[in-house]
Novice: 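My structure is below; once you've seen it, I'll send some questions.
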Amino acid sequence: MTNQKKECCECSKVLELLIKLTEQNNQLIQINNEQNAQINHLLEHLDEDQEVDSLGGRSLDGG
């Protein structure tokens, strides 16, 4: 095999690895986005619960 063919094969292998890594990275980004959305949803509910608790506490105290 000539040097040029060897270099081409090596470049192809590197390119394949880069594509796989890019795909894996995209999957991780998607998972991270989904987790962030879940966390935000939970935080919104937590804020709502705290508002209800604080309102309920005031009415029980008479003020």
Novice: Could you note down all residue pairs passing ring-ring contact (aromatic ring centres under 6.0 Å, His included) where residues 9-40 supplies at least one of them, sequence neighbours left out?
Specialist: none

Novice: Which ring-ring contact (aromatic ring centres under 6.0 Å, His included) pairs, counting each pair once, include a residue from residues 12-34, with sequence neighbours left out?
Specialist: none

Novice: So, using side-chain hydrogen bond (donor to acceptor under 3.5 Å, both in side chains) as the criterion, who are the partners of E44 when residues are at least two apart?
Specialist: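 So E44 forms no side-chain hydrogen bond (donor to acceptor under 3.5 Å, both in side chains) with any residue.
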
Novice: Applying side-chain hydrogen bond (donor to acceptor under 3.5 Å, both in side chains), which residue pairs with at least one partner in residues 29-39 are found, sequence neighbours left out?
Specialist: Q30-E34

Novice: Hydrophobic side-chain clustering at under 4.5 Å (ILVMFWY, transitive links): who's grouped with L17? Put none if nobody.
Specialist: none

Novice: Do any pairs count as a ring-ring contact (aromatic ring centres under 6.0 Å, His included) and have a residue in residues 5-33, sequence neighbours left out, and if so which ones?
Specialist: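 Counting only pairs at least two positions apart or across chains, no ring-ring contact (aromatic ring centres under 6.0 Å, His included) contact touches residues 5-33.
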
Novice: For Q50, which residues count as a side-chain contact (heavy atoms from CB on, under 4.5 Å) partner, sequence neighbours excluded?
Specialist: L46, D47

Novice: Which ring-ring contact (aromatic ring centres under 6.0 Å, His included) pairs, counting each pair once, include a residue from residues 30-51, with sequence neighbours left out?
Specialist: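 Of all non-adjacent pairs touching residues 30-51, those that pass ring-ring contact (aromatic ring centres under 6.0 Å, His included) are H41-H45.
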
Novice: Taking side-chain hydrogen bond (donor to acceptor under 3.5 Å, both in side chains) as the definition, give me every residue that meets it alongside E48, ordered by chain and number, with sequence neighbours left out.
Specialist: none

Novice: Going by atom type alone, with no hydrogens or angles, which donor-acceptor pairs under 3.5 Å involve a side-chain atom of residues 21-28 and a protein atom two or more places apart or on another chain?
Specialist:
from : atom 1 : to  : atom 2 : distance (Å)
T22  : OG1    : L18 : O      : 2.7
N26  : ND2    : T22 : O      : 3.4

Novice: Apart from L15 itself, what residues make up its hydrophobic cluster, given side-chain heavy atom links below 4.5 Å?
Specialist: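 Grouped by the 4.5 Å side-chain rule, I19 form the rest of the cluster around L15.
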
